[in-house]
Every structure is written in C-alpha cells, then in structure tokens.
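Notes for the one structure printed next.
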Amino acid sequence: MAPGRPAFPRTVDGSAMNLEALLSARLAPALAEVAHAAVDPAVRRSQHADFQSGAVLPLARGLGRSPRELAEAVTARADLAGVAHAEVSGPGFVNLTVADELIAAALTDVAGDARLGVPQTKQPRTVVLDYSAPNIAKELTVGHLRSTVIGDALARTLEWLGHDVIRANHVGDWGTAFGMLIEHLLDEGATGVSRAADLTAFYQAARAKFDADEDFRDRARLRVVRLQSGDEETLGLWRSLVAESRRYLLSAYERLGVTLTEADFAGESGYNDQLASVVDELDAKGLLVASDGALCVFPEGFTGRDGGPLPLIVRKSDGGFGYAATDLAALRHRTRVLGATRLLYVVGAPQRTHFAMVFAVAAAAGWLPEGVSAEHVPFGSILGTDGRMFRTRSGDSVKLAALLDEAVTRASALAPDPAVAAAVGVGAIKYADLAGDRRSDYVFDWDRMLALTGNTGPYLQYAYARIRSILDRAGAFRPAVRITHPAERALALELLSFEPVVESVAATLEPHRLAGYLYGLASLYSTFYEQCPVLKAEDGVRESRLSLCLLTGRTLRRGLDLLGIATPAHL
RNA sequence: GCGCUCGUAGCUCAGCGGAUAGAGCAACGGACUUCUAAUCCGUCGGUCGCAGGUUCGAAUCCUGCCGGGCGCGCCA
C-alpha cells in the first residue's frame, strides 16, 4: 500500500477485501450490546441495498421489543464511520450501503494483489480427490465427463486456496475382463492395440468373441487365473494394455484441459496386495460375517430389498475380491499412507449407498479417525434433449472424442482460428457441465451451450476477449479505482465478492456458484461497457475505468481457470 | 416394498429460513458515425407439484400424498 494513503479498514481475520466480513465485524459489537449476547450479524447481499442484516428479526420476541426498534438501536450504536451507511427498512432489516470511497480503496488494493484479494487458507488440509476413474482398454465416454470435469474444477479450486490436493485417478485396470482382453491381444498379434482410437473396437471384438466362442471363453478364464497368480508373460501383456491406455487417456485429458497426469494414476491393481490385509483387519475387529460363502460386513442402518440387513461384500464366495474391498483398501491407504485428512469421491449419485456403506465400515474399522472426513460428491446424469439418458441413436454411450470433435466444429463457426475454436468448443461443454447444481441432471443441448448470450462458456470467453481488446488499446496505466457512475459501482461491488464466492465453492464443493458469479460479473461488465466510455473518458476516470476492465478481466480469467476453462485473448 | 433424489415462467435453469421469487432462451418493442452490436436496454410471462405443520417470516425446514429418476449381496 502506498504510504500516505489512509489505512484501509481491516477485518479481524486480516482479509482486507471481504466487505461482508468487514460489515459483520462492525455490526457485531452493537448487536451484542443490544441483545446482551453474541449474535451472528447475518450480513448478506441484498436487492434493496448493497448488503442487509436481518439479525434482529429473530431476537425481537425474546427481548420483548419490536424488530424495527431493535434495528434502530443497532444502527445507532454500530461504528460504521467511513464504511457504510445504515438504514432500517421493512420489518426490521438493516440496509447497508457501502461508502464509495471504501469500495474504491478496497478494489485498488485488490488490483495490487496477485491473488485478487483471496487469501490462502490458514488451515490447509491434505485432500485426496478421487475423480475421472475411467477403465483401461476402453474409450472415454460422456459417462466419464462429469466426474472428470467437476473433479478437476474442485482440484483446481482447493489447490489454489492452498490445500494439498492429491489427485487420485482410480482407473479400472484390473478384473476378470482382462482375461478376454489379453487373449484377444494375443490373437491379434503384437500390434493389437496400437492406436487409441481402436480401443472401443478392440474391447467390443474381445467381448463378441467371449460371448460367441466357448474355446475363447475358456482361454480367457484361464488367462484371468494366470494374471492373478502373477504369471510374468501375462503381466507383461497386461502392462502393455495399461501403458497404451494411459497414453490415450493422457492425450484425452490434455485435449479436455484437465490437470490429471501420469503421476495421478492410482489404478485398482495397485491395491491387490493390500486386500488380504483389509480382510484380516476387519476380521480382527470382529466386523466380518460369513454369508452365503462370502465375507461381509453389515453396517448398521442399511436394509436391503427384503428388509434385512444389507451387506458390504468384502470377499466374494469364490474367494475373489470385489470393488468394495478395493475401495476400502484405497481409503485405508489414503488416510494411513498418504496422510489425507479429507477424502473426496466425485462419483455419480447412484453410488450413494455404496459409499455410505464403505465410509461406515471404514469408520468402524478405525480408518477414519477424528479429524479425517470422507465425502461422496455425487452428481446427476447427462440427458439428451428428449429428456432421457444421453446416448447415440443406436443406444450406445457417446464417445467423448466424438463429442469434442463436434463441439470444435460447431465452435469454428464462431472462431475461425482452430486453437480458439477448440478452446471455445471444449469450454462450452465443460461450462455447461459446471454451470448447474452438480446433483441435478442436465440436458445436453448444443445450441444452448454454444450460445453467445446467457450463462454459457462462449459468453464469458467473449466478455474476456472484449476486455483484452480494450486493454490492448489502452497502453500502460496505473491501476486506481474511483466511483463516478452507478454501473461502475455495481461492477466494483461485485468484483469484491470474488473471495466469498471461491470460499463457498470450497466449502460446498459446488462449482456452479462460481459459474453463476462469473456470469453475473460479465453481465455487470457489459452494462458498464455500454454506459461508460473507457478510452475516451477524461483523465483519472479513464484510469479508473481501465482498472475496472483489468480487474474484471483478471477475475474472469482466474475464475474460468479454476473451472478449467481456457480464456483465449481474441475471439 | 424400503431408501435416496428431483418437481420453480412456454423451454433450460438459479435462488435452499428473510422484504415485491430471479436469469437466459422464446415472444414483442427499442439502441449501431461501436472501446469486438457475437452486445446492451425495456415489456410480457410464475396459486415455486398438492395438502398440512413448525416459525415473527417457508420456494427454502418437517410430515403425508401425487408424479419422474436412481439404488437395494457377490458388476464398478
């Protein structure tokens, strides 16, 4: 901060730019005096003013005074000098109008901050974030899109806030299907799976032979046994399948703009040698029950179709291990070896019960000690415009590559430059996935997601490109904000809300809050842009308006980056 | 059958304990000697599935009902 400038009022937690926190801190002592107890000021954004506090409304009855009377008392006592103007309104709200000078000073501070006023967390956690989880020897489909896109947005956001994020790509690289895949690979010769695009055909061919040919079926079963018993030749073939698939997956992630890397692969096969000890430990805790030949845990509170207790099957009746055992082993590894204090699983809503059971069993086994949380982060389905599950006309799941191809083709109508078209097309798909509540199903609609108006990726990218254009013309200037117009004020106030929004995304694991904020910000910018000439403005005002452009651009860029969406300089 | 989840404008969705429920699209009407009008402004449009309950206050919380989706022992 430049010397000589009046000190900006800091809040208790040292966060300079959070107006909500600042107003709360100023209101809290007055509220405590009036109520004779600590009261949450409940400061929120408002349509009737910049912020409002409805804190006295619930107090009125207990204190035997009218809400408006209490609100007047609070307003009279609160030290808001230089911060805001308070006015009692309606049934007893305290409407707060922030001083223009404060908005300007706060935003000028933000302009000098590389993190846009968003501090790193003081309580960093080691977060293991389980997302994407595709299958080896299969192509990515729309079925993997949501986990991958939502998970990556959460990874980026939590990481940026200072948490230690360990990405865990729980790829399906083990199981009985590999018997037929390896046999098919041998039939096809060394070049069986040489190109990523062949993966689906390869898998389907193996599947078809398995279904039709009894000899092949026997060979496949034998091959599974050899794989599980550690036969070197078989393992070698398996590894070649895995390696080829990984190459393909990494290229797909790169195209999607997803941060997953080679180091993040944590396949199911990696837990093979821990499964027996999972069983042993559960047994030692007295949790295991033999049922129909399988080893199960019956966590309390789960009932099946017949009304009886629902088992989590840890070891199957044939002696093999299912996904429950793998999930338990992975969970134990993440807390015990990786030192995770927060476990997140970005997996579709249908698996809710499964994860609830896994967490219950893990807790009973002592693998989720005090201070370690495990959360399923569920999401809804992608539907076609007919309202049913999004599939091809023939009923197959849509390949991600085909989807991206079409997106880029359609986007090239908006942006002739191939690189820009890719950014717009891919961004449109990802943004559409992130813009709504993740728990809800959403309709996959090309026209809507590629529209240049409304809450879409292209609209935000366009807004950003316009800002870049104006800044490019402007030349150098010294950022400093002052408020001279209502549109400036509205934009400035919204820019100061970036921090609470990002915090809320981290707290709720709901990226659509950020998407909605960015859309609102871009809308306010558009209004400002229409009503306030920037480059032609008089000295001083020009610099201030350029500062607003700069800050809006930086906020859009950072926000979109946290969502995993690119911001081309030009459209 | 039990459990979870969702029913908000014609369509797609926000809002999830606070004031007169908000956007976009569609419809209609405006604004281009433009800093990217690929934009912006305005109008029209809703018994927030239904019925009770809790509360000073309910789209939001609770209960029941109706309707859709999903899950419910060896697939992940």
Side-chain angles (χ1 to χ4, degrees), chain A residues 42 44 46-48 52-55 57-61 66-67 89-93 95 133 135 170 172 175-177 268 291-296 298 301-318 320-324 326-327 347-354 356 378 380-381 383 385 387-389 413-415 432 435-437 439-443 445 447-449 451-456 458-459 461-463 465-474 512-513 515-516 519-520 523 526-537 545-546 549 570-571:
Chain A
R44 305 282 139 77
S46 167
Q47 294 171 32
H48 306 276
Q52 69 179 33
S53 166
L57 291 170
L59 268 42
R61 168 169 282 206
S66 85
S89 167
F93 289 99
N95 281 355
N135 292 310
H170 196 72
T176 50
E268 297 174 321
S291 173
D292 294 337
L295 293 178
C296 307
F298 290 89
F302 296 90
T303 52
R305 202 185 294 276
D306 57 3
L310 189 64
L312 188 71
I313 297 173
V314 181
R315 202 184 73 188
K316 300 187 288 182
S317 54
D318 67 2
F321 297 99
Y323 55 88
T326 312
D327 281 342
V347 179
Q351 290 190 42
R352 175 184 291 276
T353 307
H354 168 68
S381 306
L383 307 176
T385 43
R388 312 174 66 166
M389 290 290 281
L414 303 172
D437 186 323
R439 276 164 289 255
S440 307
D441 297 346
Y442 77 94
V443 175
D445 183 335
D447 293 335
R448 192 159 342 97
M449 72 176 69
L452 285 134
T453 54
N455 191 8
T456 69
Y459 176 81
Q461 289 172 324
Y462 178 60
R466 291 165 94 195
I467 292 170
R468 281 292 295 263
S469 172
I470 212 169
L471 290 171
D472 286 348
R473 289 164 176 269
H512 80 283
R513 291 168 182 265
Y519 174 58
S523 299
S526 288
T527 301
F528 158 78
Y529 179 88
E530 292 289 328
Q531 298 184 4
C532 301
V534 177
L535 298 177
K536 293 174 213 156
R545 290 182 177 170
L546 280 169
C549 293
H570 305 284
L571 291 195

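In what follows, chains carry the letters A, B, and so on, assigned in the order in which the sequence lines appear, proteins first and then strands, with residues in each chain numbered from 1.
- Only the P atoms considered, B/rG1 is 29 Å distant from B/rA9, to the nearest whole Å.
- Counting non-hydrogen atoms under 4.0 angstrom, A/Pro350 reaches the backbone sugars and phosphates but no base.
- Within 4.0 Å (heavy atoms only), A/Thr456 reaches no atom of the nucleic acid at all.
- Among the protein residues, A/Gly90 comes within range of the nucleic acid bases, having at least one heavy atom under 4.0 Å from a base atom.
- Evaluation of atom-type donor-acceptor distances gives a pair under 3.5 Å for the side chain of A/Ser89 against the base of B/rA19.
- B/rU39 and B/rA31 make up a base pair, with Watson-Crick or G-U wobble contacts both under 3.5 Å.
- Residue A/Thr527 places at least one side-chain N or O closer than 4.0 Å to OP1 or OP2 of B/rC41.
- Phosphate proximity of B/rU34 to A/Lys536: absent, as no side-chain N or O sits under 4.0 Å from OP1 or OP2.
- Between A/Thr453 and B/rC25 there is a side-chain polar atom (N or O) within less than 4.0 angstrom of OP1 or OP2.
- Counting non-hydrogen atoms under 4.0 angstrom, A/Asn95 reaches a base of the nucleic acid.
- Nucleic acid contact for A/Gly307: none, since no nucleic acid atom lies under 4.0 Å from a heavy atom of the residue.
- Taking atom C1' in both B/rC48 and B/rA21, one finds a spacing of 7 Å when rounded to whole Å.
- A/Asp441 places a side-chain N or O within donor-acceptor distance of the main-chain N or O of A/Ser381, the cut-off being under 3.5 Å.
- B/rG71 is paired with B/rC2 under the Watson-Crick or G-U wobble criterion, all donor-acceptor distances under 3.5 Å.
- Each of A/His48 and A/Val534 has a nearest nucleotide on RNA chain B; the 5'-most of these lies closest to A/His48.
- Residue A/Ser46 is classed as a base contact, given a heavy-atom separation below 4.0 Å to a base.
- Partner assigned to B/rC44 is none, using Watson-Crick or G-U wobble distances below 3.5 angstrom.
- Whole-Å rounding puts the A/Phe302 CZ to B/rG73 P distance at 14 Å.
- For B/rC25, the paired nucleotide is B/rG10, the pair qualifying as Watson-Crick or G-U wobble because both relevant distances are below 3.5 Å.
- In this structure, NE2 in A/His170 is found 5.0 Å from CG in A/Asp327, a value given to the nearest 0.5 Å.
- B/rG53 and B/rC11 are spaced 31 Å apart, taking the P atom of each and rounding to whole Å.
- A/Asn455 places its CG atom 16 Å from the C1' atom of B/rC11, with the value rounded to the nearest Å.
- Between B/rG42 and B/rA23, the distance separating the two C1' atoms is 15 Å to the nearest Å.
- In this pair, A/Phe93 does not lay its aromatic ring on the base of B/rG18; centres under 5.5 Å and planes under 30 degrees do not both hold.
- At a threshold of 4.0 angstrom between heavy atoms, the contacts of A/Pro58 include nucleobase atoms, whether or not backbone atoms are also involved.
- As the counterpart of B/rG52, B/rC62 is assigned, both hydrogen-bonding distances of the Watson-Crick or G-U wobble pattern falling under 3.5 Å.
- Backbone-only engagement by A/Asp441 is indicated by non-hydrogen atom pairs under 4.0 Å involving sugar-phosphate atoms exclusively.
- One can place NE2 of A/His512 at 18 Å from P of B/rG24, the figure rounded to the nearest angstrom.
- A straight line from CD of A/Gln351 to P of B/rG69 spans 20 Å, rounded to a whole angstrom.
- By the rule that a glycosidic angle within 90° of 0 means syn, B/rG15 does not qualify and counts as anti.
- The pairing partner recorded for B/rG17 is none, the criterion being a Watson-Crick or G-U wobble arrangement whose two distances lie under 3.5 angstrom.
- Proximity of A/Gln47 to the phosphate of B/rG22: a side-chain N or O atom is located under 4.0 Å from OP1 or OP2.
- In this structure, A/Tyr529 does not pack face-to-face on the six-membered ring of B/rC40, missing the 5.5 Å centre cutoff or the 30° plane limit.
- Within the nucleic acid shown, A/Ser526 comes within 4.0 Å of sugar-phosphate atoms alone, with no base atom in reach, counting heavy atoms only.
- Residue A/Arg473 places at least one side-chain N or O closer than 4.0 Å to OP1 or OP2 of B/rU36.
- Between A/His354 atom NE2 and B/rG3 atom C1' there is a gap of 17 Å when expressed in whole angstrom units.
- Rounded to the nearest Å, the gap between the P atom of B/rA19 and that of B/rC61 is 15 Å.
- Taking the P atom of each, B/rU43 and B/rC25 are spaced 15 Å apart, rounded to whole Å.
- Comparing A/Asp292 and A/Ala465 by the nucleotide of RNA chain B whose heavy atom lies nearest to each, the residue mapping closer to the 5' end is A/Ala465.
- Nucleotides B/rA59 and B/rU8 are separated by 7 Å at their C1' atoms, to the nearest Å.
- Here the OG1 atom belonging to A/Thr453 is positioned 11.5 Å from the OH atom belonging to A/Tyr462, to the nearest 0.5 angstrom.
- B/rU47 sits 29 Å from B/rC4 when the C1' atoms are compared, rounded to a whole Å.
- Whole-Å rounding puts the A/Gln531 CD to B/rA31 C1' distance at 12 Å.
- Base engagement by A/His570 is indicated by at least one non-hydrogen atom pair under 4.0 Å involving a base atom.
- Between the C1' atom of B/rC56 and the CG atom of A/Leu59 lies a distance of 12 Å, rounded to the nearest Å.
- One can place CZ of A/Arg448 at 18 Å from P of B/rA23, the figure rounded to the nearest angstrom.
- Residue A/Arg305 is classed as a base contact, given a heavy-atom separation below 4.0 Å to a base.
- In this model, the phosphate group of B/rU36 is not approached by any side-chain N or O of A/Tyr459 to a distance below 4.0 Å at OP1 or OP2.
- Residue A/Arg44 has no polar side-chain atom (N or O) positioned under 4.0 Å from OP1 or OP2 of B/rG17.
- Between the base of B/rA31 and the side chain of A/Glu530 there is no donor-acceptor pair shorter than 3.5 Å.
- Using a 4.0 Å heavy-atom cutoff across all strands shown, A/Leu57 reaches at least one base atom of the nucleic acid.
- A/Asp292 places no side-chain N or O within donor-acceptor distance of the main-chain N or O of A/Ala294, the cut-off being under 3.5 Å.
- Side-chain N/O atoms of A/Glu268 and base N/O atoms of B/rA76 include no donor-acceptor pair closer than 3.5 Å.
- To the nearest 0.5 angstrom, A/His512 atom NE2 is 14.5 Å from A/Tyr442 atom OH.
- Nucleic acid contact for A/Ala294: base, since at least one base atom lies under 4.0 Å from a heavy atom of the residue.
- Within the nucleic acid shown, A/Gly172 has no heavy atom closer than 4.0 Å to any nucleic acid atom.
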